[in-house]
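To start, the structure itself, in structure tokens.
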Amino acid sequence: MLDPKRLRTELDEVAKQLARRGFKLDVDAVRALEGQRKALQTHTEELQNQRNLRSKSIGQAKARGEDIAPLMAEVSSLGDQLKTAEQDLAKIQTDLETIALGLPNILDASVPDGADENQNVEVRRWGEPKQFDFEPKQHFELGTNQAWMDFESASKLTGARFVVLRAAMARLHRALTQFMLDTHTQEHGYTELYVPYMVNADSLRGTGQLPKFEEDLFKLNNEQGYYLIPTSEVPVTNLVRDTIVDAASLPLKFTSHTPCFRSEAGSHGKDTRGLIRQHQFEKVEMVQITRPDQSWQALEEMVGNAEAILQKLGLPYRVITLCSGDTGFSAAKTYDLEVWLPGQQKYREISSCSNTLDFQARRMVARFRNPETGKTELLHTLNGSGVAVGRALVAVVENYQQADGRIRIPEVLRNYMGGAEYLT
RNA sequence: GGAGAGCUGGCUGAGCGGUCGAAAGCGGCGGUCUUGAAAACCGUUGAAGGGCAACCUUCCGGGGGUUCGAAUCCCUCGCUCUCCGCCA
């Protein structure tokens with residue numbers, strides 16, 4: 001959520017900033033609503049003041065043993081007026097809040113302008129795409145060996161966009177997860193968390209998935225209306241919702257491995273084959289909760305933490321800055337890591353690291369007490385994939401394939417694979 | 001699933017339907033003392049919104065109700081704890 005004060009005082013500037021995303025803010029409508037809100041609020045507060053004063057004087061008169069009947073008569077009509085005013089005010093405030101919750105974050109000045117992913121800007125590359133002396137296959141072709149990746153069975157069990165992994169492939173998937181968690185906890189200073197895979201609507205509102213993106217989520221049909229998490233960013237970041245974090249404990253650095261569930265509404269026909277786009281996938285997530293003056297530094301660090309995973313795995317990748325039109329709702333700036341997939345001859349997204357500044361913190365009311373001022377201030381929150389496990393599996397399989405169809409195991413994973421050199 | 005108790009400021013914890021935004025303690029901040037620190041003592045210290053300001057409004061788990069007036073009474077939902085039952 002944007003600072004409501006800023007929305008009032010710098011409405012035109014905010015609208016101009018949001019236009020960078022292609023978001024059109026109806027300035028006149030907001031201004032009109034805001035005018036009504038102000039008038040109604042003043043009016044309501046005046047009535048409340050009257051009620052409070054009179055009720056108080058009734059109390060005092062009664063204490064003195066005086067007759068309170070005339071005072072009671074005087075105050076009788078106030079109640080209805082007040083009720084009407086309060087209801088009108090609540091309505092306006094709800095309308096304004098609905099608008100505010102639908103506004104995306106303001107982009108950082110360093111974010112390049114652009115309409116879509118084609119205008120994203122490459123920052124750097126690491127590693128050279130490996131040259132094969134044969135035609136490299138796509139992962140789902142390689143996965144047919146021993147039914148390692150079994151899409152047919154999954155579609156029988158559930159439907160499209162699911163997979164069953166078998167034997168060495170299932171273990172490689174687990175090995176990748178372990179490797180990532182161990183690296184982040186042992187080398188990057190993150191604390192590992194195990195969290196719920198279902199969350200309530202408040203949590204999703206806190207991180208920005210609700211109210212606007214409900215169609216992307218799986219909602220459970222239970223009494224509470226829980227949702228399956230689309231990313232562990234939601235439960236992990238919401239740990240600080242409605243809390244005042246001890247300044248000395250900052251930055252908080254959490255990593256968590258969870259499944260992620262996405263409806264993929266609106267991506268029909270995209271990546272229909274293989275593991276790239278599934279309704280259920282595993283991800284190792286990094287979340288940092290920082291002081292406001294530390295968040296940009298933390299973003300760079302987090303990208304580095306994700307890069308370290310790919311480097312250790314020997315997977316060529318590039319880092320890109322998402323352009324204004326491609327940056328997600330909550331983010332002020334996002335770096336994506338794109339890993340080289342020889343089977344597709346393309347770089348494909350494998351990690352996304354974002355600084356949301358105080359955008360999520362304001363929704364969550366996540367604060368710390370600034371030791372310098374003694375005042376509570378909003379925190380900054382960041383999240384990044386470190387990295388998507390399913391896509392990492394794809395990348396390893398494609399990059400480590402041999403002419404004879406065997407898959408070599410990257411050195412760093414062998415300890416997790418019983419010392420084997422090849423998938424068998 | 002059954003029975004009961006509770007949910008109050010950064011934390012712990014008092015609080016008769018009427019100067020209660022809320023005692024007290026802890027913590028924080030400022031000061032005295034000290035070479036410095038600790039201890040002790042004194043003072044100060046909730047959040048949000050509106051207003052140039054004086055000041056006003058709202059907030060005692062969420063929502064609703066009763067009342068001139070609700071932290072306090074009623075309803076409802078959520079959560080925590082205790083006991084019983086069931087169970088991975």
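A note on names: the letters A, B, ... follow the listed sequences, proteins ahead of strands, and every chain is numbered from 1. On a predicted model such as this, the values are computed, not experimentally measured, just so you know.
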Before we go on, tell me: are the rings of A:Phe281 and A:Phe261 under 6.0 Å apart, centre to centre? no
Rounded to whole Å, please give me the gap between CG in A:Leu89 and P in B:G49. 15 Å
Could you state the CZ-C1' distance from A:Arg54 to B:C56, rounded to the nearest angstrom? 16 Å
Interatomic distance, A:Met72 CE vs B:G17 C1' [rounded to whole Å]: 13 Å
Looking at every strand, decide which applies to A:Asp246 at a 4.0 Å heavy-atom threshold: base, sugar-phosphate, or nothing. nothing
Check this one for me: any side-chain N or O of A:Arg51 less than 4.0 Å away from OP1 or OP2 of B:U58? yes
Taking a pair to mean Watson-Crick or G-U wobble geometry with both distances below 3.5 Å, B:U32 pairs with B:A40
Sort out the partner of B:G46 for me: Watson-Crick or G-U wobble, both distances under 3.5 Å, none otherwise. B:C59
If we check side-chain hydrogen bond (donor to acceptor under 3.5 Å, both in side chains) with A:Glu398, which of these qualifies: A:His139, A:Arg348, A:Lys137? A:His139
Side chain A:Lys56 and base B:G18 donor-acceptor under 3.5 Å: no
Could you please name the option among B:G49, B:A47, B:G69 that lies closest to any side-chain atom of A:Arg8? B:G49
Side-chain atoms of A:Tyr226 come closest, of B:C79, B:G49, B:C68, to B:C79
Any A:Asn49 side-chain N or O less than 4.0 Å from OP1/OP2 of B:U57: yes
Pair partner, B:U80 [Watson-Crick or wobble, under 3.5 Å]: B:A5
Salt-bridge test for A:Lys5 and A:Asp3: reply yes if a basic N is under 4.0 Å from a carboxylate O, no otherwise. no
Fit a plane to each ring of A:His184 and A:His188, take the angle between them on a 0 to 90° scale, and name the class: parallel (under 30°), tilted (30 to 60°) or perpendicular (over 60°). tilted
From CG of A:Asp242 across to P of B:G78 the rounded distance in Å is 19 Å
How far does the P atom of B:C29 sit from the matching atom of B:G49, given to the nearest Å? 25 Å
Whether the side chain of A:Glu45 and the base of B:G49 hold a donor-acceptor pair under 3.5 Å is what I'd like checked. yes
Can you tell whether the side chains of A:Glu421 and A:Arg406 come within less than 4.0 Å, N to carboxylate O? no
What's the gap between B:U8 and B:G63 when it is taken at their P atoms, as a whole Å value? 16 Å
Rounded C1' spacing from B:U12 to B:G6 in Å: 15 Å
With a cut-off of less than 4.0 Å, is there a side-chain N or O of A:Asn52 near OP1 or OP2 of B:U57? yes
Want to settle it: does A:Glu46 or A:Gly59 sit nearer the 5' end of RNA chain B, counting the closest nucleotide to each? A:Gly59
For atom CD1 of A:Ile92 and atom C1' of B:G50, their distance in whole Å: 16 Å
Spacing between A:Asn370 atom CG and B:U45 atom C1', to the nearest angstrom: 16 Å
Closest of B:C68, B:A47, B:G50 to the A:Gln41 side chain is B:G50
Between A:Gln278 and A:Glu264, does the side-chain hydrogen bond (donor to acceptor under 3.5 Å, both in side chains) criterion hold? Intermediate values first, please. CA-CA 8 Å; A:Gln278 302 266 289; A:Glu264 294 298 340; over 6 Å; no
Both distances under 3.5 Å, Watson-Crick or G-U wobble: report the partner of B:A53, or none. none
Pairwise 5' ranking along RNA chain B for A:Glu86 and A:Asp3, keeping only the more 5' one: A:Asp3
Among the candidates B:A47, B:U58, B:C68, find the nucleotide nearest to the side-chain atoms of A:Thr376. B:A47
If I pick the C1' atom on B:G46 and the same atom on B:C41, what distance separates them, to the nearest angstrom? 26 Å
Interatomic distance at P, B:C7 relative to B:G62, whole Å: 13 Å
Return the pairing partner of B:C16 with a 3.5 Å limit on both distances, Watson-Crick or G-U wobble; otherwise return none. none
Residues A:Asp95, A:Lys91: salt bridge by 4.0 Å N-O rule: yes
Contacts table for residues 83-90 of chain A: side-chain donor-acceptor under 3.5 angstrom, sequence neighbours left out:
from	atom 1	to	atom 2	distance (Å)
A:Thr84	OG1	A:Asp80	O	2.9
A:Glu86	OE2	A:Gln48	NE2	3.0

How many whole angstroms separate atom NZ of A:Lys83 from atom P of B:G69? 9 Å
Who does B:C11 pair with, Watson-Crick or G-U, both distances under 3.5 Å? B:G25
Determine the interatomic distance between C1' on B:G1 and the same-named atom on B:G13; round to the nearest Å. 34 Å
Expressed as a whole number of angstroms, how long is the span from A:Leu47:CG to B:C68:C1'? 14 Å
Separation of the P atoms in B:G9 and B:A48, to the nearest angstrom: 15 Å
When we call it a touch if two heavy atoms are under 4.0 Å apart, what does A:Ile244 touch: a base, just sugar-phosphate, or nothing? sugar-phosphate
With both distances kept under 3.5 Å, what pairs with B:C87, Watson-Crick or G-U wobble? none
Separation of the P atoms in B:G30 and B:A38, to the nearest angstrom: 11 Å
Tell me which nucleotide among B:G18, B:G50, B:U66 gets nearest to the side chain of A:Lys38. B:G50
